[in-house]
Amino acid sequence: MRPKQIKIVDKDKLSVTWSDETSSVFSLKYLRDECPCAGCKGETILFKTFRPPKPTILSPEMYRIKNIEVVGDYAIQITWKDGHNTGIYSWEYLKTLEAGKSDNTQQKYDTLI
């Protein structure tokens, strides 16, 4: 499933209208806190797992979007106003986030191998 429209709503939410006419609305805070990049969620290289520390300095700019770009035919890349832009949010990942957004469920990355 692909998005037909992606837009910012009320300055603190991202709305995605999918090709089947359903829509998903995410708080920008939830999207940023669940950024899928290695610097935010970690990665596994040669059977060793790196887990980055939680940010100690938070700023309001972290949760504001500067730009959104489509990546290929499968994802978006969000540039946040604090300059962070390494997370690629695939359509599948956005659907996974949608399933956990009502209770701000953090995505589990325990088994990265």
Side-chain angles (χ1 to χ4, degrees):
M1 184 173 334
R2 299 192 46 196
K4 286 175 53 178
Q5 182 182 51
I6 299 171
K7 65 181 179 178
I8 297 173
V9 181
D10 299 331
K11 295 184 182 180
D12 65 344
K13 294 179 183 77
L14 185 76
S15 172
V16 179
T17 303
W18 300 96
S19 56
D20 67 354
E21 298 303 325
T22 60
S23 45
S24 308
V25 179
F26 304 94
S27 77
L28 297 184
K29 182 179 184 327
Y30 184 54
L31 281 178
R32 175 61 188 264
D33 289 346
E34 295 303 320
C35 176
C37 77
C40 292
K41 291 296 180 183
E43 63 184 330
T44 299
I45 299 173
L46 298 174
F47 303 107
K48 294 190 183 217
T49 300
F50 163 74
R51 297 272 185 248
K54 296 280 184 196
T56 55
I57 300 173
L58 302 176
S59 79
E61 300 296 300
M62 291 179 63
Y63 301 112
R64 293 192 180 114
I65 292 178
K66 180 178 181 182
N67 189 35
I68 299 174
E69 293 181 42
V70 175
V71 177
D73 195 25
Y74 71 96
I76 55 173
Q77 181 176 23
I78 298 174
T79 300
W80 300 92
K81 285 199 174 181
D82 69 349
H84 183 70
N85 69 348
T86 53
I88 306 273
Y89 296 79
S90 69
W91 311 143
E92 181 181 324
Y93 185 65
L94 287 173
K95 283 301 208 178
T96 300
L97 288 178
E98 179 183 33
K101 72 180 176 157
S102 63
D103 58 358
N104 284 326
T105 301
Q106 290 185 335
Q107 301 306 303
K108 305 294 183 207
Y109 289 84
D110 294 335
T111 50
L112 294 175
I113 302 175

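Heavy atoms only: backbone and side chains are in, while hydrogens, waters and symmetry mates are out.
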[Y] side chain reached by [X] side chain, heavy atoms, under 4.5 Å:
X	Y	value
D33	Y63	yes
L94	W18	yes
V16	F26	yes
E34	Y93	yes
E61	K66	no

Residues T44, T49; criterion side chain to side chain donor-acceptor pair (under 3.5 Å); working and verdict: CA-CA 4 Å; T44 299; T49 300; 3.1 Å; yes
CD1 on I78 to CZ on R64, rounded to 0.5 Å: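 That separation rounds to 15.5 Å.
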Rounded distance (nearest 0.5 Å) linking atom CD1 of I65 with atom CG of L28: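 Answer for the CD1-CG pair, I65 versus L28, is 4.5 Å.
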Single-linkage hydrophobic cluster M1~W91, side-chain heavy atoms < 4.5 angstrom: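 Same cluster.
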For the residue pair [X] and [Y], what are the closest heavy atoms and their distance?
X	Y	answer
K41	P36	CG-CA, 4.0 Å
C40	C35	CB-O, 3.5 Å
A75	S90	CB-CA, 3.5 Å
E98	S23	OE2-O, 3.8 Å

Can you list, pair by pair, the side-chain donor-acceptor contacts under 3.5 Å of residues 5-15, counting residues two or more places apart and other chains?
none

Sequence neighbours excluded - side chain to side chain donor-acceptor pair (under 3.5 Å) pairs with any residue from residues 69-85: R2-D73, R32-D82, N67-E69
